[in-house]
Student: 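I have a structure here, written as structure tokens, and I will follow up with some questions on it.
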There are 4 protein chains.
Amino acid sequence: MSRAPILKVGIVGLGRLGRRHAENLASRVAGAELVAACSPVPAELAWARDTLQVHHLYADYAAMLAHDGLDAVFLVTPTSLHPQQIIQALQAGKHVFCEKPLSLDLEDCRRVSAEAARHPQLKVMIGFVRRFDASYRDAYEKIRQGAIGSPFMVYSQTCDQYDPEGFFVKFAATSGGIFLDCSVHDIDLARWLLGNPQPVKVYASGTRAIHHDLQQFQDVDNGVAICEFDNGRIATFYASRTMPHGHDTMTEITGTAGRLTVGGNPRKNRLEIADAHGVRNECLPSFFERFEDAFLTEVSTFVDAICQQRKLELTLDDATEATRIGIAMRESLLSKQPVML
Amino acid sequence: MSRAPILKVGIVGLGRLGRRHAENLASRVAGAELVAACSPVPAELAWARDTLQVHHLYADYAAMLAHDGLDAVFLVTPTSLHPQQIIQALQAGKHVFCEKPLSLDLEDCRRVSAEAARHPQLKVMIGFVRRFDASYRDAYEKIRQGAIGSPFMVYSQTCDQYDPEGFFVKFAATSGGIFLDCSVHDIDLARWLLGNPQPVKVYASGTRAIHHDLQQFQDVDNGVAICEFDNGRIATFYASRTMPHGHDTMTEITGTAGRLTVGGNPRKNRLEIADAHGVRNECLPSFFERFEDAFLTEVSTFVDAICQQRKLELTLDDATEATRIGIAMRESLLSKQPVML
Amino acid sequence: MSRAPILKVGIVGLGRLGRRHAENLASRVAGAELVAACSPVPAELAWARDTLQVHHLYADYAAMLAHDGLDAVFLVTPTSLHPQQIIQALQAGKHVFCEKPLSLDLEDCRRVSAEAARHPQLKVMIGFVRRFDASYRDAYEKIRQGAIGSPFMVYSQTCDQYDPEGFFVKFAATSGGIFLDCSVHDIDLARWLLGNPQPVKVYASGTRAIHHDLQQFQDVDNGVAICEFDNGRIATFYASRTMPHGHDTMTEITGTAGRLTVGGNPRKNRLEIADAHGVRNECLPSFFERFEDAFLTEVSTFVDAICQQRKLELTLDDATEATRIGIAMRESLLSKQPVML
Amino acid sequence: MSRAPILKVGIVGLGRLGRRHAENLASRVAGAELVAACSPVPAELAWARDTLQVHHLYADYAAMLAHDGLDAVFLVTPTSLHPQQIIQALQAGKHVFCEKPLSLDLEDCRRVSAEAARHPQLKVMIGFVRRFDASYRDAYEKIRQGAIGSPFMVYSQTCDQYDPEGFFVKFAATSGGIFLDCSVHDIDLARWLLGNPQPVKVYASGTRAIHHDLQQFQDVDNGVAICEFDNGRIATFYASRTMPHGHDTMTEITGTAGRLTVGGNPRKNRLEIADAHGVRNECLPSFFERFEDAFLTEVSTFVDAICQQRKLELTLDDATEATRIGIAMRESLLSKQPVML
């Protein structure tokens, strides 16, 4: 019996999420080998060398792309860099995994798609990690098996725990706003769970409950939106930066014969406390803990798809569509009018 | 020690909910005596006589209003009759309890308010029963005490269990549509829990997931809406006629320091079952069981307010405002545009 | 159509629970009229007169039994008085409702049964209130319908919230100990839900976690016990006086095809809070709130059984058996050995 | 910066759990390298070679112990082999990880301890996997930090899903009975969470609810037991082979200021279903899924303790004590009397 080929991977960007992908690639994903790392930050490269024994370190992206034998790149970089970095990688003949969102600009999304179409032998996947979570996957399978009849209504929220330091505010200028930064996940889930419906119209609203300094970015810290799809399918979204109890990602899918809820209580683990506060459970602090397993499954799925030449279920069109709907929500928030799609 | 005066009450309408109010008035509300009943249906009057020992039975509303010594009327009649019946009762010098909604017509609401203003000594209350539910009341008190900081976001749903016989469809022509029939409760709750904010704009959408025959009434069986209030307060609503599992009334109020959820799981009682289906609880079949205690508290509160000359917290203006917002939602559903308030 | 006869009732004992029964009898139970009250405490009688308009007040029990036209008595008195008071009432031709436990002494239980047997036309019921709770009743009905196959294992607990004032310690001398005071309910439930099995053996243990002064009464503040019944049916019990979070009454019944749990979370109501403590619900403070509805159903059931000459499901033998098993547990606690039944 | 030394490991036994340990050692545990495998079953060795690329395969245990450079062995073998295999490994100078229980025989436990005492430089750990579960660990840490005051009461259950094929019955002859096979985990948890109290006495009972053929092994399919420790600490246990809904491992620890519950609902994942059956979640099928992450943490902890020369918290004495208490339970079940410890 012969072994599957080992995919040689280079990672770009070693912030918090980049380090997680790097660790998974270095030791937990069968079939992949992390051979190179790229970052403009010397300390990050030193970490990759010392902790993960990555031998080939690059400050320059183009130099890493030229690394001999490299098969694939993982882009965990600022969103504004995604389109160009993906295109460069494709042109260098590399498979690409890129963190979400694909881009904040629809034209850029299309440029990436066009380039990808020129390299049908290369895989490109945008990291919509929730699709790889066991509970979301279970919901998806149950829907496919008809467990809730015909799904027609989604409620999905991404609510971050309030950070007194307002860390995210620093990125507000480039995040694309709350809908493109947070709800883009929910948009992708809604499309996936509703069977890839065509969006028709969105309406959004929002408020600044705590982070009043977001006004300068025309952004909000709590936003809601309704997206109408064809055939009477509807999704309602809620995104928040100000949850007091933890990271609360929840999705509800209603069909003609049942309803599925993923994440109804963002419980940290299986421990429950009964004391003077009542009966309670502590909550997940961030998406990082919530999707720890999913990040691993995501990377494994991508690596396996390449090694075993399998089609990826999650496509660039999915990523483009999520950006397209997210942009429409931001437009609606600003114009205070519905936006047609 | 002298006893409180006994309020002599006449009830109008003895359908399912009318009978409940009648039973409560007949034997469970201290301070009230059910002395008269009015209905065009002889069998309903016979029930009042035989089961509740109501001695004075009327087919004619004006005749009942003339009943000697009558202090108050309870109107559990079709919505279209509410305004005129309230006005008649006020003109006859009677206190009035009337089932929600006050009216489907804003002008009618205002006529009622104007008449009530001419009789400041008479109490008029519209039956927004959820305000009298112990859990909603607990939420309200906690908010007043600052438990969640400043409340700014509401999600509230009224979702009825799917009825294969489509009972409600028969009333679709006169119900005012899903928002005025169901969401009017959620609208009132949102206003109450958010501290009576001024509504600014609504946007609504909906679908016919099962009851396609609603099209003739321009109604939907699942609707969502966003209502923007002043000072950045927002409420999102969901109403459904097609829940597979039971009656699912739920409200979530988010503030700057906490979130309260009422009815997160519409559990029927305290029993949990573990079997081949997993770990589960059965669900409440309808609002009737959900608010059984609240219906009694509501009536007691109304009776006590009269007997003890206390101000009612729930006003005609509240009822008018709920109708006003509900009408705007229906307009938005039909026009597919936001409606300003 | 003629009305059911009105049962004239006298109540004995107007402590906290006595007042609840009195209020229910005075205004919430159709078919009963509270005509007399008996108490050695003048203030309690004054309360009955002023609040409930009870006209006939007695300091002497025998005098109340002689009250003209009295049909039934409600005994909410110290346990040590139960047997003699029941016997007196029966000899006076009155139906009797008596709070649990029947007695702490088995001989007394048997004397009461013997007397009751001489008055087959009179009803006697001991207040095992949990049998009248909607959730326990639902469990019982589901078991009868075969929902869990053949039930063979019970876990049942009665856990009171810790009272820093140690109120119950004052009654420890006469309470019969934790098993006869608290677990007697669980014993009755276990017998009821397991289909009246024959007890064979008990083993008990306990500890004084906080109330070390219970040592003088040979009592504990936390006790566990195993009761083996015939045909391999087993019940495990837990009783506590030291719960930090509230009154936590819970019962689990396992059968060959399913498990039922009543009261898995002693939630106060339908409100859930998400804040810095996590996601939580507040808890019921005492049995008083937990069984508020059941106390009413219990009294109604007793009154209806008399008025409609129906057999009572809950018998004196049930009460005697609960006492018998409870005594055996206390014996096992003290002897540190199993006790045969 | 130099890397930690790599621990060369050989695994013995490649059944279901052996394969899991092997997979973890082969690719998911930093610091370990799976260099050898031993099994009497050729297909199992072929699996290790083909799937995990283990190059050194042994049918004979002594031969594997002689493998050049081997540092440690993992024993996932029948319980009856544990003592001798551990002793052989120690005498060969190898660290040992061995699946629970250490042995069914107390003398054997002591022989192992004596041998281990002769090799203080070697680590021996018995696989009480639950100590490495994140929720149990969280409970333990909270107790240490005083979250529940002084812990004094444990309720712990290990309840397997009913297997219509009665797989476990085949092993009943050698499993040691339900308490040594299942409750041994709960016993270890109780000791750990209560702060290593001295056991004083146990009492056990049981029944054969479905698997009546267990009678030949003097075993039961449902058992309960009470273990009294010193200083008034008590643990109650429940073990079952007949759960209808899934694998239900649950532990409750009550202290003077709070209660912790691990696994109150054996939910499979974060998905909740609302349909005609009510609101429900599916359940974990077996310990294998429940403790998937804990098995990895367990192995990592063991490997790290060796590589970093850290003391193991979980000792051979702990394993011996669990066996000792489990044996006493079995004796009590058979003798129907309490057994002193």
Side-chain angles (χ1 to χ4, degrees), chain A residues 147-155 157 159 162 200-212 215 220-238 240 242-246 248 250 252 254-259 261 264-265 283 332 335-338 340, chain B residues 147-155 157 159 162 200-212 215 220-238 240 242-246 248 250 252 254-259 261 264-265 283 332 335-338 340:
Chain A
I148 60 167
S150 178
F152 63 88
M153 182 73 65
V154 161
Y155 177 86
Q157 70 179 33
C159 294
Y162 173 61
V200 172
K201 188 169 56 159
V202 298
Y203 180 78
S205 181
T207 190
R208 285 177 282 276
I210 301 182
H211 296 288
H212 301 287
Q215 187 159 15
V220 294
D221 59 11
N222 281 265
V224 294
I226 293 172
C227 179
E228 297 161 64
F229 295 98
D230 60 354
N231 295 322
R233 287 168 287 184
I234 300 173
T236 304
F237 301 105
Y238 177 33
S240 173
T242 63
M243 282 293 117
H245 57 293
D248 202 334
M250 188 271 270
E252 202 171 85
T254 303
T256 49
R259 187 187 70 196
T261 305
N265 179 332
C283 296
S332 177
S335 70
K336 300 175 187 296
Q337 291 300 320
M340 302 305 293
Chain B
I148 60 167
S150 178
F152 63 90
M153 182 72 64
V154 161
Y155 178 86
Q157 70 179 34
C159 295
Y162 172 60
V200 173
K201 189 168 57 156
V202 299
Y203 180 79
S205 181
T207 190
R208 285 177 282 276
I210 301 183
H211 295 289
H212 300 288
Q215 187 158 16
V220 294
D221 58 12
N222 281 264
V224 294
I226 293 172
C227 179
E228 297 160 65
F229 295 98
D230 59 354
N231 294 324
R233 288 168 287 184
I234 300 173
T236 305
F237 302 105
Y238 176 34
S240 173
T242 63
M243 282 294 117
H245 57 294
D248 202 334
M250 187 272 269
E252 202 171 85
T254 303
T256 48
R259 187 186 71 195
T261 306
N265 179 333
C283 296
S332 178
S335 71
K336 300 175 186 297
Q337 291 300 321
M340 303 303 293

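So that the names make sense, note that chain A is the first sequence line, chain B the second, and so on, each numbered from 1.
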Student: State, to 0.1 Å, how close B/Q337 and B/S332 come at their nearest heavy-atom pair, and which atoms those are.
Tutor: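 So the two residues come closest at O-OG, 2.8 Å.
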Student: Given heavy-atom pairs under 4.5 angstrom as the criterion, report whether the side chain, backbone, both or neither of A/A209 touches chain B.
Tutor: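 Both parts, backbone and side chain.
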Student: Given the options A/R259, A/R208, A/R233, which has more heavy-atom pairs under 4.5 Å with chain B than any of the others?
Tutor: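 Of the options given, most contacts go to A/R259.
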Student: If I compare all heavy atoms of B/F152 with all of A/N222, which pair ends up nearest, and what's the gap?
Tutor: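 Heavy-atom minimum between the residues: CE1-CG, 3.3 Å.
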Student: With chain B as the partner, which of A/V224, A/D248, A/T242 has the greatest number of non-hydrogen pairs under 4.5 Å?
Tutor: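 Highest number of pairs under 4.5 Å: A/V224.
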Student: Under 4.5 Å heavy-atom distance to chain B, tell me which part of A/Y162 shows up: side chain, backbone, both or neither.
Tutor: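 Answer is neither: A/Y162 stays 4.5 Å or more from chain B.
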Student: Check whether A/T256 reaches the backbone of A/S150 with its side chain - one donor and one acceptor, N or O, closer than 3.5 Å.
Tutor: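 Yes.
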Student: If you take all heavy atoms of A/C283 and A/G246, which pair is closest and at what distance?
Tutor: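 For A/C283 and A/G246, the tightest heavy-atom pair comes out as CB-CA, 4.2 Å.
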Student: So which of A/G149, A/P338, A/G264 has the biggest tally of heavy-atom pairs under 4.5 Å with chain B?
Tutor: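 Looking at each option in turn, the highest pair count goes to A/P338.
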Student: What part of B/T254 is in contact with chain A, defined as an atom under 4.5 angstrom from a non-hydrogen atom: side chain, backbone, both or neither?
Tutor: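 Answer is side chain: those atoms of B/T254 sit under 4.5 Å from chain A.
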Student: Between B/T207 and B/V220, what is the shortest heavy-atom contact and its length?
Tutor: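 Heavy-atom minimum between the residues: O-CB, 3.2 Å.
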Student: For A/K336, does the NZ atom sit with more than 12 other heavy atoms under 6.0 Å from it, leaving out its own atoms?
Tutor: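 No, NZ of A/K336 has 12 or fewer neighbouring heavy atoms, counting only those of other groups under 6.0 Å.
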Student: Chain B heavy atoms under 4.5 Å from A/I226: which part of the residue, side chain, backbone, both or neither?
Tutor: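 For A/I226, backbone and side chain are both near chain B.
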